[in-house]
Amino acid sequence: MRWSQTLIPTMKESPEGAEIPSHVLMLRAGLIHQVMAGAYNYLPLGLRALKKAERIVREEMDRAGAIEVLMPAITPLSLWERTGRVTAFGNVLIQFKVSRAGKHVPMALGPTHEEVVTDLVSRFVSSYRQLPITLYQIQTKFRNEERPRFGVLRTSEFLMKDAYSFDASVEGLSASYQKMYDAYCRVFSRAGLAYLAVEAESGPIGGDASHEFMVLADNGEDVVVHCASCGYAANLERAETGKRGGRKSGEAAQALTLVDTPQVGSIEQVSKLLHCKPEQMVKTLIYLADGQPLAVLVRGDHDVNENKVRRAVGAKQLELAPVDVIEKVTKAPVGFAGPVGLSVPLWADHDLAAMANMIVGANQADKHYTGCNLGRDFAPAVEHFADVRNAADGDPCPRCSGKVDLRHAIEVGHVFKLGTKYSTALGAKFLDDKEQQHDVIMGCYGIGVNRILAALIETSHDENGIRWPMSLAPYEVILSPLNVAQEDVMQAATKLYDELLAEGIDVLLDDRDQRPGVKFKDADLIGIPLRVVVGGRSLKDGNLEIKWRHEGQASHLPLAGAARKIAEMVTAERKKYV
RNA sequence: CGGGGCGUAGCGCAGUCUGGUUAGCGCGUCUGGUUUGGGACCAGAAGGUCGGGAGUUCGAAUCUCCCCGCCCCGACCA
């Protein structure tokens with residue numbers, strides 16, 4: 001492509017509003033243009049990169065034996081009603097009515113396609129002989145974001161690869177899942193991303209039924225718990241916390257003392273008033289587990305993880321108790337709950353075992369206890385000590401003797417064992433070899449294609465612009481004749497351009513009548529991996545100048561046979577990403 | 001939806017507090033010329049519902065009220 005004939009609106013300055021590097025650079029390099037909050041135009045350069053990401057995904061899905069289909073973006077609302085997800089999605093589901101023959105047909109834009117694909121399979125798959133099968137599509141998804149942000153990372157419309165596996169057995173599901181997991185690893189490494197596959201919250205199925213593929217980035221919205229020494233990685237929701245040692249040694253138990261804490265209910269306020277650290281305090285939260293009240297105790301500086309509580313308690317449903325229940329259970333206003341004298345079951349985080357002389361709510365208005373000690377003043381059942389909190393920075397690693405870090409990350413992919421939730425709801429059944437009917441066992445697997453680009457840029461750029469890997473770069477080579485008015489320069493450049501095209505290289509010819517500085521700056525900004533310069537200076541000696549985007553120094557290359565040589569360099573670089 | 005910020009030419013901004021010629025500056029764009037190895041120079045030109053509406057005033061980009069849009073933090077994100 002000739003630069004003068006396409007649309008690459010590069011910008012010297014970044015538009016107001018863009019803050020994170022990927023957003024700024026995608027705008028400045030002319031990859032995207034915002035249409036409204038959460039919706040972007042993909043301009044030629046951005047579209048080419050997106051298509052390359054899409055192609056990698058497609059190739060790896062095909063290699064893994066998944067079968068491509070295309071499902072509609074518009075779907076009948078009734079399908080979502082059958083699985084109860086109209087309410088589950090709430091405002092995220094974009095709904096509308098279309099007038100047809102005087103009637104108003106309720107529809108929704110697909111935020112994902114479990115319902116559609118399960119309905120599809122229920123109609124055409126009825127025998128174990130047809131299983132397993134994995135269907136996938138690359139489609140635009142729609143999710144109304146209350147607050148779109150971070151450029152292309154959180155939008156209301158995005159390109160997603162979603163795959164769904166259908167199996168006759170749990171073992172089959174595990175095999176299908178593993179195939180997708182492996183395919184994802186290949187996709188992200190081909191895209192040049194430094195990714196981490198982390199254990200993720202897996203819902204009712206349990207086990208290692210869900211993994212997220214994360215790219216560590218300061219601007220990521222997710223938090224990953226990571227151990228540098230053993231490589232343990234999990235998302236915050238899921239991460240286990242390691243046990244600490246026993247009770248603090250050398251600290252004598254003080255007497256349980258009632259202190260005044262007027263009008264002061266929060267951990268932060270109490271710690272300020274009593275001149276203590278939040279980690280000396282205990283947070284007492286009253287929950288309803290399947291309707292039954294219980295108290296959960298964690299250290300003042302920790303956060304309760306409700307999924308962990310739900311699992312520990314063995315409840316189907318868990319929610320924070322409403323105010324009236326809290327007041328009834330604690331016989332005090334909200335903010336002064338504590339474990340001493342409570343009649344509901346107590347569940348305590350492991351870390352409480354290592355605490356002495358805790359500060360707790362006194363279950364009386366405007367009062368706390370200091371010098372509260374486990375065993376003497378309150379005693380949860382031994383089996384009620386559990387991991388019920390979110391991991392925190394510096395926690396002991398659950399797998400080794402190291403410590404974990406909390407790192408921000410961008411989620412680029414997610415694999416999930418679904419089970420039979422949708423096949424049951426939508427009647428996707430099969431007959432086994434003993435003529436017994438069963439619900440099909442499903443898995444679902446998503447990749448955010450746009451996020452591949454944003455995550456790459458977020459983690460691969462410098463002060464001059466983007467640094468594309470060969471696999472995603474909108475063009476592999478940028479060919480820059482420095483002076484288009486100079487005949488021999490233009491002649492050599494045009495000839496080389498044609499030869500490179502013939503070699504099957506994606507080449508962008510910067511034929512603009514611009515000064516060299518402009519061309520160099522733009523080439524760096526849009527991040528094309530290999531830059532080839534045709535300029536009067538080296539051309540006099542029959543040379544071109546070539547420079548990798550990621551290297552500082554340019555080198556010379558004889559004009560004669562240059563196309564072949566460049567093609568070889570590009571081919572060698574391509575091989576790093578297959 | 002709660003808190004904060006912003007909205008003036010394609011992009012980045014000044015001017016608004018303290019109302020008063022014809023609304024400026026840089027970049028970009030166009031014309032002509034000189035240039036040509038890291039965002040050139042000279043001369044000229046085009047380009048504006050000052051986010052929208054209502055109000056106050058002799059007079060509003062500037063003051064008041066309402067609305068809209070965008071960004072950030074939070075809540076939300078099967």
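Every chain is numbered from 1, with letters handed out A, B, ... down the list of sequences.
Contact footprint of chain A on RNA chain B: nucleotides with an atom under 4.0 Å from a non-hydrogen protein atom, first to last in 5' to 3' order, rC6(B) to rA78(B).
Under the 3.5 Å distance criterion, with hydrogens and angles disregarded, a donor-acceptor pair is assigned to the side chains of Arg310(A) and Asn307(A).
Ion pairing of Arg407(A) with Asp218(A) is absent here, as no side-chain N (NZ or NE/NH1/NH2) approaches a carboxylate O to less than 4.0 Å.
Using a 4.0 Å heavy-atom cutoff across all strands shown, Glu19(A) reaches sugar-phosphate atoms only and no base atom. Using a 4.0 Å heavy-atom cutoff across all strands shown, Asp524(A) reaches at least one base atom of the nucleic acid. Phe150(A) comes within 4.0 angstrom of sugar-phosphate atoms only, judged by non-hydrogen atoms across all strands, and of no base. Among the atoms of the strands shown, none is found under 4.0 Å from any heavy atom of Glu114(A).
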From CA spacing to verdict: ring-ring contact (aromatic ring centres under 6.0 Å, His included), Phe416(A), His414(A): CA-CA 7 Å; Phe416(A) 199 100; His414(A) 196 164; 5.8 Å; yes
Report, one line per pair, each donor and acceptor closer than 3.5 Å where one atom sits in a side chain of residues 541-550 of chain A; sequence neighbours left out.
residue, atom, partner, partner atom, Å
Lys547(A), NZ, Glu551(A), O, 3.1
Arg549(A), NE, Ile466(A), O, 3.2
Arg549(A), NE, Asp524(A), O, 3.0
Arg549(A), NH1, Asp462(A), OD2, 2.9
Arg549(A), NH2, Asp462(A), OD1, 2.8
Arg549(A), NH2, Gly465(A), O, 3.3
Arg549(A), NH2, Ile466(A), O, 3.3
Arg549(A), NH2, Asp524(A), O, 3.1

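Glu240(A) pairs by the salt bridge (Lys or Arg N to Asp or Glu O under 4.0 Å) definition with Arg399(A), not counting sequence neighbours.
Base-pair partner of rC6(B): rG69(B) (Watson-Crick or G-U wobble, both distances under 3.5 Å).
Two rings, from Phe150(A) and His23(A), have their centers 6.0 Å or more apart.
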